[in-house]
2 protein chains.
Amino acid sequence: MQVVILLFERFTALDAVGPYDVLSRIPGTEVVFAAERAGPVGNEVGGLALTATATLADVPHPDVIVVPGGPGQTDHMTDGPVHRWLRAADGASTWTTSVCTGSLILAAAGLLTGRRATSHWLAMDQLAPLGAVPTGERVVTDGKYVTAAGVSAGIDMALELTSRIADATVAQAVQLGIEYDPRPPFAAGSPHAAPPEVVAVVQAYRNFILTGVH
Amino acid sequence: MQVVILLFERFTALDAVGPYDVLSRIPGTEVVFAAERAGPVGNEVGGLALTATATLADVPHPDVIVVPGGPGQTDHMTDGPVHRWLRAADGASTWTTSVCTGSLILAAAGLLTGRRATSHWLAMDQLAPLGAVPTGERVVTDGKYVTAAGVSAGIDMALELTSRIADATVAQAVQLGIEYDPRPPFAAGSPHAAPPEVVAVVQAYRNFILTGVH
């Protein structure tokens, strides 16, 4: 089984690496990082670069597509090589998935029309104008389309996907292998749980978080 | 504040990227990936490469040191450039930290002698022979030394560290920014919680998981 994780400049690293370190542990799975051009692809801060070992043309038929988010998402909201690859690859994929604002790219490419989906909580209001049906769940499965909420939700999404691709035993073994027994030091991971003053701080940086531009 | 994340061949990506995507969000923080040689550094599977933008010599005085784990840990258990850099850098660091089997490297370098520490649950028995005092907690703080359990525990560790480096509001804002409201689909993240047959599956691969060798 081939999993292709799409990379683009100014992606968020954990969006990609969370699912990577889950899905790469499924026996018989090859996970490939692919981008328009092969080579190092920088994240939104620029201090991190993951290597794309394939171009999009090299991987036309992935079994699983994973689209991360990050401020660079804003560069892929109109028709272009990424959308064309996504639509063609989606035609033969078993699963088409996203993390964080990656769902906005899928939706803009026309792949989530009329489908339930999620995104980073700060970007949730952008889904409906793109034709998707936003839900508040952390991981949303609608047919073969699986979307995850912000950044860290890609780990939960990938474990759920692992149980579908393989089975619950494999998914649990992967979870135990990466010791995913989360103990966040605060109850601040969602806008419903976080103290209002913390929500206000993050909302004040909304534009910067979503686009990288102050 | 400078955070240096040590990279070495056959590291586990999520061990490094979890803390990266937390600590890089602390205002005024520069996070640098450093290795013996600058350039792409491959993970244990080889399908992922993160770029080290600095050599160890380039970053002699980090404020925070983060040592990830992964099968390549086994290559850094004797005196050498990594141990020498760790000892020198630790002499001036504010925090010296690890994720997963990164604690074995810190301990082998002599930095955890007599200190409470943790590691991946499969490697916990290796801490005491290296002079550390193993504990079962997910994140262990002893003075300026903060060690985390396996792989995904680096996210919890980094959030806790953020609250010490900055304050609880910043830590919560970062947690909300990465939407860290974990919802693992199974209760299988620790050997105490996982079904016995799942623990047995992972233990059967113990050597491969820890060393990369079957």
Side-chain angles (χ1 to χ4, degrees), chain A residues 12-14 16-18 20-21 24 30-33 40 43 45 47-51 53 100 120-121 138-139 149-153 155-156 159-160 163 168-173 175-191 193-195 197-199 201-202 205 209, chain B residues 12-14 16-18 20-21 24 30-33 40 43 45 47-51 53 100 120-121 138-139 149-153 155-156 159-160 163 168-173 175-191 193-195 197-199 201-202 205 209:
Chain A
T12 294
L14 187 52
V17 172
Y20 173 87
D21 256 322
S24 64
E30 176 203 31
V31 185
V32 179
F33 290 100
N43 76 331
V45 180
L48 178 149
L50 263 178
T51 302
T53 56
C100 198
H120 192 288
W121 64 275
R138 188 160 170 86
V139 177
V151 192
S152 62
I155 300 173
D156 297 329
L159 285 168
E160 207 160 306
S163 73
T169 300
V170 170
Q172 290 175 92
Q175 186 181 344
L176 183 56
I178 64 166
E179 209 164 342
Y180 187 48
D181 182 28
R183 295 277 183 272
F186 304 99
S190 86
E197 65 273 21
V198 170
V199 177
V201 165
V202 177
Y205 286 94
I209 292 169
Chain B
T12 294
L14 187 52
V17 172
Y20 173 86
D21 255 323
S24 64
E30 176 203 31
V31 185
V32 180
F33 289 101
N43 77 330
V45 180
L48 178 149
L50 263 179
T51 301
T53 55
C100 198
H120 192 288
W121 64 276
R138 187 159 171 86
V139 176
V151 191
S152 61
I155 300 172
D156 297 329
L159 284 169
E160 207 160 305
S163 73
T169 300
V170 170
Q172 290 175 92
Q175 185 180 345
L176 183 56
I178 64 166
E179 209 164 342
Y180 187 48
D181 181 29
R183 295 278 183 272
F186 304 98
S190 86
E197 64 273 21
V198 171
V199 178
V201 165
V202 177
Y205 286 95
I209 292 169

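Naming convention: chains lettered A, B, ... in sequence-line order (proteins, then strands); numbering from 1 in each chain. Side chains are part of it too, since the values below use all heavy atoms of this structure and drop only hydrogens, waters and symmetry mates. No experiment lies behind these values; they were computed from the predicted model shown.
- The greatest number of non-hydrogen atom pairs below 4.5 Å with chain B, out of A:T169, A:V32, A:L176, is found for A:L176.
- For the set A:P184, A:S190, A:A173, the count of heavy-atom pairs under 4.5 angstrom toward chain B peaks at A:P184.
- For A:P185, the side-chain contact (heavy atoms from CB on, under 4.5 Å) partners at least two apart in sequence or on another chain are B:L159, B:E160.
- Looking at A:V199, both its backbone and its side chain come within 4.5 Å of chain B, counting heavy atoms on both sides.
- With chain B as partner, the option from A:V139, A:L14, A:V170 having the largest number of non-hydrogen pairs under 4.5 angstrom is A:L14.
- Your options are A:V201, A:N43, A:V31, and the one with the most heavy-atom pairs under 4.5 Å with chain B is A:N43.
- Judged by distance alone, the side chain of A:Q175 and the main-chain N or O of B:F186 form a donor-acceptor pair under 3.5 Å.
- In this structure, the portions of A:R183 lying under 4.5 Å from any heavy atom of chain B include both its backbone and its side chain.
- Of the atoms belonging to A:I209, not a single heavy atom falls under 4.5 Å from chain B.
- Contact count versus chain B (heavy atoms, under 4.5 Å) is highest, among A:G18, A:A194, A:P40, A:A149, for A:A149.
- Heavy atoms closer than 4.5 Å to chain B are found in the side chain of A:Y20, but not in its backbone.
- In this structure, A:R138 and B:E179 have side chains that are in contact, with non-hydrogen atoms separated by less than 4.5 Å.
- For chain B, the option among A:A187, A:G177, A:A193 with the highest count of heavy-atom pairs below 4.5 Å is A:G177.
- Both the backbone and the side chain of A:D181 come within contact range of chain B, each with at least one heavy atom under 4.5 Å from a heavy atom of that chain.
- In this structure, the side chains of A:V17 and B:L48 come closer than 4.5 Å at one or more pairs of heavy atoms.
- Using a 4.5 Å cut-off between heavy atoms, A:A16 makes no contact with chain B at all.
- Between A:G47 and B:F33 the shortest heavy-atom distance is O-CD1, 3.7 Å.
- Contact tally against chain A (heavy-atom pairs below 4.5 Å) for B:I155, B:V202, B:T53: the top residue is B:V202.
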